[in-house]
A.B. asks: 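This is the structure I have questions about; it appears just below.
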Amino acid sequence: MMQKQCDMNDVPAIELHNAAMSYGGRTLFRDVGITLAQGSFHFLTGPSGAGKTTLMKLCYGALRPTEGRVSVFGEDTGHMSRDEIARMRRNVGVVHQDCQFVDHLSVSENVLLPVKVSGAVAEDLDANLSELMGWVGLTNLADHRPAELSGGERQRAALARAVILSPDVILADEPTGNVDWEMSLKILNLLIELNRLGKTVLCATHDMSLIRQAKTRVSARVLRLRGTSIELAGAEL
Amino acid sequence: MMQKQCDMNDVPAIELHNAAMSYGGRTLFRDVGITLAQGSFHFLTGPSGAGKTTLMKLCYGALRPTEGRVSVFGEDTGHMSRDEIARMRRNVGVVHQDCQFVDHLSVSENVLLPVKVSGAVAEDLDANLSELMGWVGLTNLADHRPAELSGGERQRAALARAVILSPDVILADEPTGNVDWEMSLKILNLLIELNRLGKTVLCATHDMSLIRQAKTRVSARVLRLRGTSIELAGAEL
Amino acid sequence: MNKLLDLLRGDTEADRVVPPTGFTVLLTLASSAAMAFLAVFVLALALSAGRQASAWEDALSDTATVRISAPADELEAQANAVETILAQTPGVGATHRLTADEQAQLLAPWFGEELPLDTLRLPILIEVSLDGEGPDPQGLRQRFAAEAPGAVFDDHGRWRAPMIDAASGLKTISLIALLLIVAVTGVTIALAASAALAANGQVIDVLRLVGAEDSYITRAFVRRFTLRTLIGAIGGTVVGLIAVALIPNVSLDGAVSDVGLRGFEWLLPFLVPVGAAMLAFGATRFAATRRLAEVS
Amino acid sequence: MNKLLDLLRGDTEADRVVPPTGFTVLLTLASSAAMAFLAVFVLALALSAGRQASAWEDALSDTATVRISAPADELEAQANAVETILAQTPGVGATHRLTADEQAQLLAPWFGEELPLDTLRLPILIEVSLDGEGPDPQGLRQRFAAEAPGAVFDDHGRWRAPMIDAASGLKTISLIALLLIVAVTGVTIALAASAALAANGQVIDVLRLVGAEDSYITRAFVRRFTLRTLIGAIGGTVVGLIAVALIPNVSLDGAVSDVGLRGFEWLLPFLVPVGAAMLAFGATRFAATRRLAEVS
Ligand SMILES: Nc1ncnc2c1ncn2[C@@H]1O[C@H](COP(=O)(O)OP(=O)(O)OP(=O)(O)O)[C@@H](O)[C@H]1O
Ligand SMILES: Nc1ncnc2c1ncn2[C@@H]1O[C@H](COP(=O)(O)OP(=O)(O)OP(=O)(O)O)[C@@H](O)[C@H]1O
Ligand SMILES: [Mg+2]
Ligand SMILES: [Mg+2]
């Protein structure tokens with residue numbers, strides 16, 4: 001459905017080189033080098049305010065690192081034009097932590113936004129959409145306004161929107177922050193399913209049980225922000 | 001600090017009588033009768049979209065039940081004028097699930113909003129504020145804008161705002177939805193501490209571990225929304 | 001009015017909750033300034049036109065002429081009859097029989113100064129100054145026909161009408177334009193306030209959530225918008241006054257160069273910002289009340 | 001211009017993402033309508049004033065009179081000399097020596113019809129029609145002094161000046177008002193677009209987040225606002241035209257009652273909505289581009 005910007009399998013989906021990030025004078029992290037190979041599954045964890053959301057924003061070009069560089073499929077986001085960034089984002093589905101929606105559009109219109117703005121003409125779009133809405137359990141709410149959704153419903157709508165274009169990379173920022181355990185498992189299953197289809201997944205979460213659950217089913221690695229650096233969390237989980 | 005609207009200890013802080021709530025044609029719950037005695041601690045749980053946030057809104061007069069009635073300290077919210085609802089809210093601290101802030105004010109100004117609008121002249125306000133900001137770990141971010149906070153920081157700021165007027169009732173809607181386990185425990189501790197000071201606490205959450213943790217320290221009851229009714233969850237937790 | 005004054009004293013605490021910057025602020029300031037500017041400008045135009053109209057009216061309408069042409073023996077008698085009639089007619093002020101010299105002067109443009117008047121049997125001319133609307137020409141002519149058939153009443157009407165109409169037409173148009181500008185100002189300010197309030201919906205939601213009474217919220221917004229409008233309108237008025245003061249030197253001379261304000265008229269434009277502020281007060285109150293009805 | 005037309009064809013998909021209702025919409029519609037209304041109104045005023053000015057100028061300035069008073073034996077010779085001089089003077093059109101009858105008519109208002117002209121030694125009057133600005137009166141008088149000392153050139157100047165000034169003053173003021181209204185319209189539309197865009201900041205953020213290119217977002221907003229302004233301005237123009245068409249019947253008659261549009265002038269007001277739409281196009285593009293610079 002989407003044109004890959006690079007199909008060579010040896011190019012990492014996302015790569016950070018000596019990346020540093022600070023707001024004003026405050027350094028969140030520095031010398032961070034991580035590589036998300038295509039098709040890999042990573043969790044991102046760390047205390048509140050550590051910079052998980054910030055790191056995700058680096059990955060989809062919403063922020064540029066104060067030092068070092070970030071590449072998406074081998075392309076340095078710092079050298080992309082605004083339009084290139086826009087097109088890159090159609091291949092990188094983001095579940096934003098604040099679940100931003102266009103208030104006056106219905107839930108299903110919001111979910112379809114990436115299709116609209118990309119100008120993609122998908123054949124079985126309606127079938128896709130209703131399958132997806134069913135999957136996240138929003139079939140009955142498709143015609144509601146985002147403001148009428150509950151917290152968890154909003155999060156699921158954001159997830160549906162992130163995957164509607166079937167992107168190669170999925171960045172999910174706390175996709176289970178507002179949902180109960182059962183729904184968390186369902187969302188995790190969707191992410192795992194997508195990963196099995198070859199998508200690269202990066203999922204920020206506070207929920208250690210979720211990570212533990214995932215590790216029983218997929219070879220996920222856990223990146224942990226601690227202090228100003230990032231480390232690979234190991235067996236202690 | 002606050003005038004109690006009613007000091008008789010036998011009047012429940014919050015009471016729902018045969019309350020029913022539906023949006024459009026869809027009934028969320030009906031015949032719900034719950035009583036939150038003064039000084040009690042309740043959790044509210046149930047699947048995403050069950051109506052937890054809706055039930056909380058009934059409790060602070062943001063919504064009126066489609067049937068039945070809701071009383072706060074013995075007063076029917078359905079018979080309160082808008083100004084009475086406003087004054088009632090100064091005695092009912094709410095941690096809103098969406099953490100709404102005034103974007104152009106700093107975090108500390110946002111936390112102080114309830115003091116400003118109530119016209120209360122507190123003596124040791126500054127000391128109170130800095131203690132509170134320290135407690136939720138936002139001392140360094142007091143002068144930031146809400147938009148510059150991380151998800152968890154926003155939630156903690158909302159909590160600080162909810163308790164700044166030292167209200168008799170605290171309604172917390174997923175106060176730990178975006179924070180890690182350590183911070184969750186800290187927030188739980190604050191709620192338990194407030195409860196020990198005699199405040200009535202109602203906390204909506206998906207996090208069963210949090211409830212389990214709380215039960216070891218305080219005699220909390222768990223209300224669970226299931227189908228269209230509410231039940232007292234028991235030993236299975 | 002009292003409420004308005006209350007506002008100006010204000011509550012700086014409440015003030016802070018309304019965003020102090022942004023396009024809605026600029027919009028309020030600029031539109032009230034622009035409208036005040038236009039209003040002052042057109043007000044000056046209307047006042048000038050009114051002045052001009054009455055000046056022209058005065059200059060053109062306060063005299064008439066009665067001409068008596070009759071055989072020499074009847075001439076004097078008819079002239080006396082005419083003077084008697086005129087003295088009895090309401091709307092007629094002083095009368096003055098023109099001397100030979102004055103008649104010669106009147107004819108000079110056409111025939112030069114050396115007209116041999118004494119050899120001519122000239123009619124008698126009586127200049128009449130009119131009070132207010134002047135006499136009823138029809139009635140006067142009928143009485144002349146009866147008592148002084150050689151007298152002709154000429155109220156200069158055929159010269160006067162178009163000039164007076166021109167001036168009063170200008171005045172009417174200016175007043176219509178002034179009304180339009182007031183209406184447009186009202187609509188613009190009301191809509192700017194509503195748009196700004198809509199853009200600040202979140203602030204209102206949060207304030208209600210933390211227990212603010214409606215009056216607190218309304219006051220905060222109304223105060224901000226009234227002050228902004230007042231400031232904008234004062235700015236526009238001052239610039240408008242400067243522009244009006246500059247007009248005569250810039251482009252015009254002669255009759256209508258008289259555009260501008262005279263004496264106490266300079267005070268009238270200061271009603272413009274007051275009016276704008278009152279308008280903003282009402283419009284914001286209305287918009288705030290309506291927005292608040294959406295929040296519980 | 002091409003881009004503008006492209007817009008009108010449009011992309012209804014992109015359209016949906018810009019809120020179709022709300023105060024900012026009303027504001028854009030109403031302010032462009034109000035401004036178009038005022039613009040049409042003042043345009044009519046300016047055109048009428050211009051017409052009036054030239055009418056007055058024509059009526060008052062295209063004739064002059066030369067009066068020759070001289071001893072009877074020189075009179076005819078001097079009159080001939082004057083006619084020769086006039087024929088050679090640039091700015092002078094046809095000349096016409098008044099007959100005795102015509103002179104009598106001229107004097108009738110003052111002396112009645114029965115003036116014994118034949119017994120009078122009257123001056124000769126030559127009516128001169130002027131071309132354009134007319135001759136240089138100074139030069140003419142000098143030549144008369146030399147060749148026809150009894151001739152006096154009277155260009156009616158003393159009556160003409162204030163009238164012409166009045167009319168052209170009115171025209172100038174109308175044009176100033178028109179310019180002001182155009183400027184105010186521009187400011188209001190630009191600010192309304194900016195305010196609306198600021199109020200829709202969230203939409204822009206979301207669109208960028210899901211991969212919309214800047215051009216997509218700009219187009220959606222620019223299209224909406226240009227169309228809204230166009231619709232508002234067309235509405236205002238139509239109402240303005242109706243108002244202008246109604247004026248004469250309502251309040252005025254006589255000289256300035258001529259306010260309104262004549263012939264092809266009825267087409268000019270249709271430039272107003274076109275101008276407003278172009279203004280909205282530019283303003284929204286500018287505002288959208290600036291807002292987009294804040295989002296990565
Ligand atoms: N625009 C900004 N300006 C200044 N500081 C910012 C800005 N955005 C984020 N920060 C700060 O950077 C830190 C990291 O924010 P970030 O949102 O990345 O945290 P996080 O790891 O996602 O936390 P959470 O788990 O609470 O969502 C926070 O302390 C926040 O206050
Ligand atoms: N204004 C509204 N109009 C229509 N439906 C609404 C409205 N607000 C909420 N709902 C619906 O009511 C249901 C309950 O919403 P509520 O926010 O109370 O759920 P919740 O239990 O808090 O869920 P979560 O855990 O996801 O926050 C949801 O299905 C939601 O779509
Ligand atoms: Mg985050
Ligand atoms: Mg909820």
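Chain naming here is simple, since letters A, B, ... match the order of the sequence lines and numbering starts at 1 in each. Predicted model, so just to flag it, every value in this text is computed and none were measured.
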A.B. asks: Of all residues at least two apart in sequence or in a different chain, which pass the salt bridge (Lys or Arg N to Asp or Glu O under 4.0 Å) check with Glu109(B)?
C.D. replies: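 Checked Glu109(B) against salt bridge (Lys or Arg N to Asp or Glu O under 4.0 Å); matches are Arg16(C).
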A.B. asks: Show me, pair by pair, the donor-acceptor contacts under 3.5 angstrom made by side chains of residues 57-67 of chain A, not counting sequence neighbours?
C.D. replies:
from, atom 1, to, atom 2, distance (Å)
Thr66(A), OG1, Ala20(A), O, 2.8
Thr66(A), OG1, Met21(A), N, 3.4
Thr66(A), OG1, Ser22(A), N, 3.3

A.B. asks: Test Arg161(A) against every option in Leu112(A), Asn110(A), Val136(A) by the side chain to side chain contact (heavy atoms under 4.5 Å, CB included) rule and name the one that passes.
C.D. replies: Asn110(A)
A.B. asks: Which answer fits Leu149(B), side chain, backbone, both or neither, if we ask what part of it has an atom under 4.5 Å from a heavy atom of chain A?
C.D. replies: neither
A.B. asks: Would Asp207(B) and Thr205(B) count as having a side-chain donor-acceptor pair, cut-off 3.5 Å?
C.D. replies: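 Short answer, no.
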A.B. asks: Between Glu174(B) and chain A, which part of the residue has a heavy atom less than 4.5 Å away: side chain, backbone, both or neither?
C.D. replies: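 Only the side chain of Glu174(B) comes within 4.5 Å of chain A.
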A.B. asks: Holding to salt bridge (Lys or Arg N to Asp or Glu O under 4.0 Å), I want the full list of residues that pass it with Arg217(A), two or more places apart in sequence or in another chain.
C.D. replies: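 Checked Arg217(A) against salt bridge (Lys or Arg N to Asp or Glu O under 4.0 Å); zero matches.
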A.B. asks: Tell me the residues of residues 40-56 of chain A whose non-hydrogen atoms fall below 4.5 Å from those of chain B, in number order.
C.D. replies: Pro47(A), Ser48(A), Gly49(A)
A.B. asks: Are the side chains of Leu171(A) and Val169(A) in touch, meaning some heavy atoms are under 4.5 Å apart?
C.D. replies: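 Yes; the side chains approach each other to less than 4.5 Å.
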A.B. asks: Is the backbone of Pro146(B) close enough, under 3.5 Å, to the side chain of Arg154(B) for a donor and an acceptor to pair up by distance?
C.D. replies: yes
